[in-house]
Amino acid sequence: MKITVFDDHQALSFQVAQMMVAQIKNKPDSVICLASGETPFLAYHLLPTLLLDEGVDHQQFTLIGLDEWVNIPSQNTGSCSYFLHTTLIGPLKLSLSQFKLFDGMAPDLQTECDSMDEFISKRGGIDLMVVGIGMNGHIGFNEPGVSTELYAHVIDLDDTTQTVGQKYFADKTTLGQGITLGLKHLQEANAAILMASGDRKAHIMKATLEGPIDPLIPSTIIRNHPNGLVMLDQKAASLLTPNE
Ligand code: PGA
């Protein structure tokens, strides 16, 4: 695992966007799994222009949505699906066969999980994952204490996730469960970028990088990833012990 600290959110986002461009350029049929949330928003916003500037063909890569709120329709502006449609799928004009997102309204959520696992394995696994980190150390909806051996699954959301998650929604919303790729997907991805930005992530980043590797802080698993990159801005890095 490698850690890189950037001056600010803008510099961090630009670098992540460039790494996504490089991934698609080097392997046009890449399978890329992307988180939703405030943290990666700017990187995704920058991506279409960078791809265009570099003349990179982006009609062959596959986008996988990392997670979704259960019982929230994709038309809800707080859904992960809505976020990925408005930031990337729409602007990049991705074809229907080029992306797969969880449907949080699916009548059979286990079938939804199986279908996602099968979709990924049929394409040879994930080349690159770009994930954020929750205040409780979750990655996707891999909440504290979750097994590191799971692929896609449905999970009861931790209190912190239910509370913090309100920020994405226009009205107060009941957030009971999530459907998510598992930590097994993260471990098996060829490369994984964990992004963190802002003061509010400083405590969890210190625990993630300097505490014990602990299932109660799922993000600590990134430290075992041979191609894990932790990319954070100065604010999120502000509590890290400085290098000697
Ligand atoms: P955020 O969410 O990017 O909106 O902070 C991160 C997360 O909960 O994974």
Side-chain angles (χ1 to χ4, degrees), residues 6 8-17 20 32-47 64-70 72 76-84 86-88 101-102 104 128-146 150 152-153 155-170 173 175-183 185-186 189 192-209 216-222 225 228-239:
F6 295 84
D8 53 26
H9 181 67
Q10 180 109 15
L12 163 67
S13 303
F14 187 71
Q15 184 61 27
V16 171
M20 291 170 68
I32 303 183
C33 169
L34 298 175
S36 303
E38 281 179 62
T39 312
F41 173 79
L42 182 57
Y44 300 168
H45 179 71
L46 295 169
L47 188 67
I64 307 276
L66 175 64
D67 54 6
E68 186 56 279
W69 309 98
V70 167
I72 301 292
N76 186 312
T77 56
S79 73
C80 301
S81 175
Y82 188 90
F83 176 88
L84 289 172
T86 50
T87 54
L88 287 172
L101 311 175
F102 284 116
L128 173 67
M129 274 177 98
V130 178
V131 301
I133 179 170
M135 306 292 285
N136 59 1
H138 76 193
I139 289 185
F141 286 136
N142 288 279
E143 301 287 73
V146 71
L150 290 178
H153 59 280
I155 189 166
D156 290 343
L157 297 174
D158 177 279
D159 288 348
T160 307
T161 302
Q162 295 186 28
T163 309
V164 176
Q166 297 300 324
K167 69 178 177 173
Y168 306 114
F169 294 89
T173 305
L175 303 171
Q177 290 189 309
I179 181 167
T180 184
L181 292 197
L183 292 178
H185 285 116
L186 184 90
I193 298 174
L194 188 156
M195 296 179 78
S197 187
D199 295 322
R200 69 198 173 93
K201 297 289 171 70
H203 276 104
I204 194 62
M205 287 316 298
K206 187 170 179 69
T208 298
L209 296 173
L216 288 177
I217 304 185
S219 50
T220 54
I221 203 167
I222 190 85
H225 198 297
L229 294 175
V230 175
M231 299 174 64
L232 59 176
D233 64 13
Q234 287 280 4
K235 288 181 174 170
S238 60
L239 296 178

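Counting starts at 1 for both ligands and their atoms, in listed order. Side-chain atoms are counted along with the backbone in the values below, which use heavy atoms only and exclude waters and symmetry mates.
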When you look at Thr160 and Met135, which way does the side-chain contact (heavy atoms from CB on, under 4.5 Å) test go after all the steps? CA-CA 7 Å; Thr160 307; Met135 306 292 285; 4.0 Å; yes
Are Trp69 and Tyr82 near enough that their ring centres are under 6.0 Å apart? no
Which heavy atom of Asp67 sits nearest a heavy atom of Cys80, and at what distance? O-CB, 3.2 Å
Glu38: what forms a side chain to side chain donor-acceptor pair (under 3.5 Å) with it, not counting sequence neighbours? Lys167
Residues that Ser219 engages under side chain to side chain donor-acceptor pair (under 3.5 Å), provided they are two or more places apart: Thr208
Collect the protein residues that have a non-hydrogen atom under 4.0 Å from ligand 1 and hand them over in chain and number order. Gly37, Glu38, Thr39, Gly132, Ile133, Gly134, His138, Lys167, Tyr168, Arg200, Lys201
Set of residues satisfying ring-ring contact (aromatic ring centres under 6.0 Å, His included) with respect to Phe14, sequence neighbours excluded: none
